[in-house]
Amino acid sequence: MKEDRFLEESEDYVNYPRLWNFVSGQFQCGLGSVHGPSHWRRVEENGLYLAKKSGANLTVVRLFAVFHDSRRENDYTDPQHGLRGAELAYQCRGDLFDIRDEDFEKLYFACEHHTHERFNEDPTIGTCWDADRLDLPRVGISPSEEYMSTEFGKEIARSGGFS
Ligand SMILES: [Fe+2]
Ligand SMILES: [Fe+2]
């Protein structure tokens with residue numbers, strides 16, 4: 001039983017298909033939303049790419065992608081959506097996934113604060129935020145180096161982003 005063992009990073013447990021199904025199924029803004037699953041997939045891809053140089057925890061980056069905007073109630077103003085996304089991660093932990101406490105704390109923090117904080121020096125949290133911001137071209141905004149936390153994120157923003 002996964003509850004009975006100490007979780008090392010290499011023993012992270014995530015049932016990605018069930019997790020994506022469940023989280024997408026409860027999303028309120030519709031599958032065509034600019035904050036919906038197609039955005040989550042690009043955040044995941046961006047984060048995994050950034051992690052090659054930033055040294056981020058890959059499981060936290062992938063979990064952030066699916067949870068961070070998952071509880072948005074509209075595509076306009078919803079300042080509490082990050083906190084609700086973090087709370088959904090809390091509810092799913094132990095069932096759809098499990099990770100070590102210190103990694104869960106980073107996931108929770110990254111989700112809760114992704115909209116209103118600018119930088120984070122922790123490579124995992126910084127990578128999550130950069131991955132999200134590097135997907136701003138979907139809404140017509142060029143990613144700015146000034147809003148990147150990681151060196152690799154700044155480099156990508158300087159060169160015009162991924163699009
Ligand atoms: Fe968001
Ligand atoms: Fe986002």
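Keep in mind that the numbers below use all heavy atoms, side chains included, and drop hydrogens, waters and symmetry copies. Every number for a ligand or one of its atoms is a count from 1 in the order of the listing.
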Hey, is the main chain of Asn15 close enough, under 3.5 Å, to the side chain of Arg18 for a donor-acceptor pair? no
Within a distance under 2.8 Å of the Fe ion (ligand 1), the protein atoms of type N, O or S are Asp69 OD1, His81 NE2, His114 NE2
Do Trp129 and Glu117 have side-chain heavy atoms sitting under 4.5 Å apart? yes
Worked verdict on His39 versus His68 for ring pair (Phe, Tyr, Trp, His ring centres under 6.0 Å): CA-CA 11 Å; His39 165 58; His68 77 288; 5.2 Å; yes
Salt-bridge contact Glu45-Arg42 (side-chain N to carboxylate O under 4.0 Å): no
Less than 4.5 Å apart, any side-chain heavy atom of Phe162 and any of Asn46? yes
For residues Tyr108 and Phe64, determine if any side-chain heavy atom of one lies less than 4.5 Å from a side-chain heavy atom of the other. no
